[in-house]
Asker: 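Dumping the structure here so I can ask a few things about it.
Just so we're clear, the structure is a prediction, and the values are computed from it rather than from any experiment.
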Amino acid sequence: MALDMQYGIPVARTIAELRETVNAWRKEGLRVGFVPTMGALHEGHLSLVDLAGADTDRVVVSIFVNPTQFAPGEDFEAYPRTEAADAEKLSARAHLIFAPSAAEMYSPDFSTSVHVMGVTEDLDGAARPTHFAGVATVVTKLLLAVLPDKAVFGEKDYQQLLTIKRMVRDLNIPVEIIGGPTHREEDGLARSSRNAYLSAEERQSAGKLNVILRETAHAVAKGAPIAAATQAGITAIKEAGFQSVDYLEVRNAETLEPFTGGKPDAPARILVAARIGKTRLIDNMPVE
């Protein structure tokens, strides 16, 4: 099968093309890394690609804006699609792009969904009830299509990372899941394709989110009760210019379960989702 070479880096448009290429690598004894993305690539994505290639011989990057993880009224149609620019950024870092159509990934009578219980049911799972089923389903399909030795996901989407780790474990998918550190802009704002939606004024306010998150985490680490610290954090986020806060929570870093005693008694993570203008931003960091 002839791959699309219009960008200089090979692009597979079908699962059959993808598998043929990866199978040829396997026959050569090569290890394969994989980074799934929705495109609109930034330095955060590229750091994950570099991590995937650190101890593998070939790296596949998928570019697919997955419709099943967007709820009605979310930004599926507006989500940036920049395939040519993405391919240019990947040309020196990856060996194959997998860029399927929605029809290639989902047949008209597609009727299977992957649900991961527990870890998906709160936080973003409460704010976006259909989101994680869409993520788990498409990631399952992508992992089974590529069957990489390892796949890399960013820690910025921490709940997603834990969901995928649980899913891979439960379904015995033979791939190592690696979490890549959150990549931040100069003022600490977590890099995200959705940052492009921010106006200049909103962008200035958005840069305060990580500062408030870190201050709240530090307060909890020093012994402040979780409820008081997070309530103070929510107030600070709104005063910084955000219209609303979906959640600001300190949770068990392994399970995302809440702490019942008011203070962490195990490794903890603080997570936030807040809205400014038309943009919803998420972030997280360890409590230490």
Side-chain angles (χ1 to χ4, degrees), residues 34-38 48 62 64-76 102 105-107 109-148 150-180 182 190 192 226-227 230 245-275 280-287:
F34 176 49
V35 181
T37 81
M38 294 204 301
L48 302 181
S62 63
F64 179 61
V65 183
N66 176 40
T68 67
Q69 68 192 71
F70 290 80
E74 292 188 340
D75 59 342
F76 174 70
M105 294 297 288
Y106 299 107
S107 61
D109 59 347
F110 188 86
S111 59
T112 299
S113 183
V114 178
H115 293 261
V116 181
M117 308 302 288
V119 72
T120 67
E121 294 171 2
D122 199 0
L123 304 173
D124 255 36
R128 306 175 68 192
T130 63
H131 174 69
F132 285 115
V135 169
T137 300
V138 76
V139 171
T140 299
K141 289 173 64 65
L142 289 168
L143 292 178
L144 294 177
V146 181
L147 283 179
K150 73 175 183 179
V152 182
F153 296 81
E155 287 185 355
K156 183 181 79 70
D157 296 287
Y158 191 77
Q159 189 173 12
Q160 172 181 281
L161 174 62
L162 293 189
T163 298
I164 291 164
K165 285 184 173 181
R166 182 74 58 86
M167 176 191 77
V168 164
R169 185 201 71 181
D170 290 353
L171 298 181
N172 303 115
I173 300 175
V175 56
E176 179 186 8
I177 302 299
I178 304 293
T182 300
S192 169
I226 291 172
T230 53
V245 179
D246 286 353
Y247 58 81
L248 175 64
E249 298 277 352
V250 174
R251 296 295 180 88
N252 184 295
E254 295 297 323
T255 66
L256 292 187
E257 293 178 356
F259 293 104
T260 57
K263 294 183 180 181
D265 56 7
R269 201 93 182 178
I270 187 168
L271 305 99
V272 66
R275 299 175 187 268
R280 182 178 187 268
L281 299 178
I282 64 172
D283 201 352
N284 70 89
M285 58 186 62
V287 175

Asker: Measuring from atom CE of Met105 to atom OG of Ser62, what distance do you get when rounded to the nearest 0.5 angstrom?
Answerer: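 It is 7.5 Å, given to the nearest 0.5 Å.
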Asker: Let me know which of Val175, Leu147, Leu142 forms a side chain to side chain contact (heavy atoms under 4.5 Å, CB included) with Phe34.
Answerer: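 Checked Val175, Leu147, Leu142 against Phe34; only one passes side chain to side chain contact (heavy atoms under 4.5 Å, CB included): Leu142.
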Asker: Walk me through whether Ile282 and Asp124 qualify under side-chain contact (heavy atoms from CB on, under 4.5 Å).
Answerer: CA-CA 9 Å; Ile282 64 172; Asp124 255 36; 4.3 Å; yes
Asker: How far does CG of Asp157 sit from CG of Asp283, to the nearest 0.5 angstrom?
Answerer: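 Those atoms lie 10.0 Å apart.
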Asker: Could you measure the distance from the OG1 atom of Thr230 to the CD atom of Glu249? Nearest 0.5 Å is fine.
Answerer: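 Going from OG1 on Thr230 over to CD on Glu249, the span is 6.5 Å.
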Asker: Considering all heavy atoms of both residues, which atom of Ala133 and which atom of Ser113 are nearest to each other, and what is their separation?
Answerer: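 Shortest heavy-atom separation between Ala133 and Ser113 comes out as CB-OG, 3.8 Å.
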Asker: Please name the pair of heavy atoms, one in Leu143 and one in Val168, separated by the smallest distance, quoted to 0.1 Å.
Answerer: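 For Leu143 versus Val168, the nearest heavy atoms are CD1-CG2, 3.7 Å.
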Asker: Would you confirm whether Lys150, through its side chain, and Ile178, through its main-chain N or O, come within 3.5 Å as a donor-acceptor pair?
Answerer: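 Here the side-chain-to-backbone pair does not exist.
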Asker: For the residue pair Lys165 and Phe153, establish whether any side-chain heavy-atom pair is separated by less than 4.5 Å.
Answerer: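 Answer no - side chains too far apart.
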Asker: Does Asn66 reach the main-chain N or O of Gly134 with its side chain, forming a donor-acceptor pair under 3.5 Å?
Answerer: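 A pair under 3.5 Å: yes.
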Asker: Check each of Val35, Leu161, Ile177 against Val152 using the side chain to side chain contact (heavy atoms under 4.5 Å, CB included) test, and report the only one that passes.
Answerer: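 Option passing the side chain to side chain contact (heavy atoms under 4.5 Å, CB included) with Val152: Val35.
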Asker: Apply side-chain contact (heavy atoms from CB on, under 4.5 Å) to residues Arg128 and Arg280 and explain how you reach the verdict.
Answerer: CA-CA 12 Å; Arg128 306 175 68 192; Arg280 182 178 187 268; 3.7 Å; yes
Asker: What heavy-atom pair brings Ala136 and Thr140 nearest, and what distance separates the two atoms?
Answerer: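 Smallest interatomic distance, heavy atoms only, reads O-OG1, 2.7 Å.
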Asker: Are Arg251 and Leu123 close enough, and set up right, to give a side-chain contact (heavy atoms from CB on, under 4.5 Å), and what steps lead you there?
Answerer: CA-CA 10 Å; Arg251 296 295 180 88; Leu123 304 173; 4.0 Å; yes
Asker: Check whether Gln160 reaches the backbone of Phe132 with its side chain - one donor and one acceptor, N or O, closer than 3.5 Å.
Answerer: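 No.
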Asker: When you measure from the side chain of Asn284 to the backbone of Lys156, do you find a donor-acceptor pair of N or O atoms at a distance under 3.5 Å?
Answerer: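 Side chain of Asn284 to backbone of Lys156, a donor-acceptor pair under 3.5 Å: yes, one is there.
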Asker: Taking CD in Glu254 as the centre, count heavy atoms belonging to other residues, nucleotides or ligands within less than 6.0 Å. Is the count above 12?
Answerer: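 No, the 6.0 Å shell around CD holds no more than 12 heavy atoms from other groups.
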Asker: Nearest 0.5 Å, what's the NE2-OG1 distance between His131 and Thr68?
Answerer: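 His131 NE2 to Thr68 OG1: 9.5 Å, rounded to 0.5 Å.
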Asker: Begin from the C-alpha positions of Leu248 and Ile270 and carry the test side-chain contact (heavy atoms from CB on, under 4.5 Å) through to its verdict.
Answerer: CA-CA 7 Å; Leu248 175 64; Ile270 187 168; 4.0 Å; yes
Asker: So how far is it from His115 NE2 to Thr163 OG1, rounded to the nearest 0.5 Å?
Answerer: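 Between His115 NE2 and Thr163 OG1, I get 12.5 Å after rounding to 0.5 Å.
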Asker: Would the distance check show the side chain of Thr120 and the main-chain N or O of Met117 forming a donor-acceptor pair, the cut-off being under 3.5 Å?
Answerer: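 Side chain of Thr120 to backbone of Met117: no pair is present.
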Asker: Treating Gln159 as the side-chain partner and Asp122 as the backbone partner, does any N or O pair qualify as donor plus acceptor under 3.5 Å?
Answerer: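 A pair under 3.5 Å: yes.
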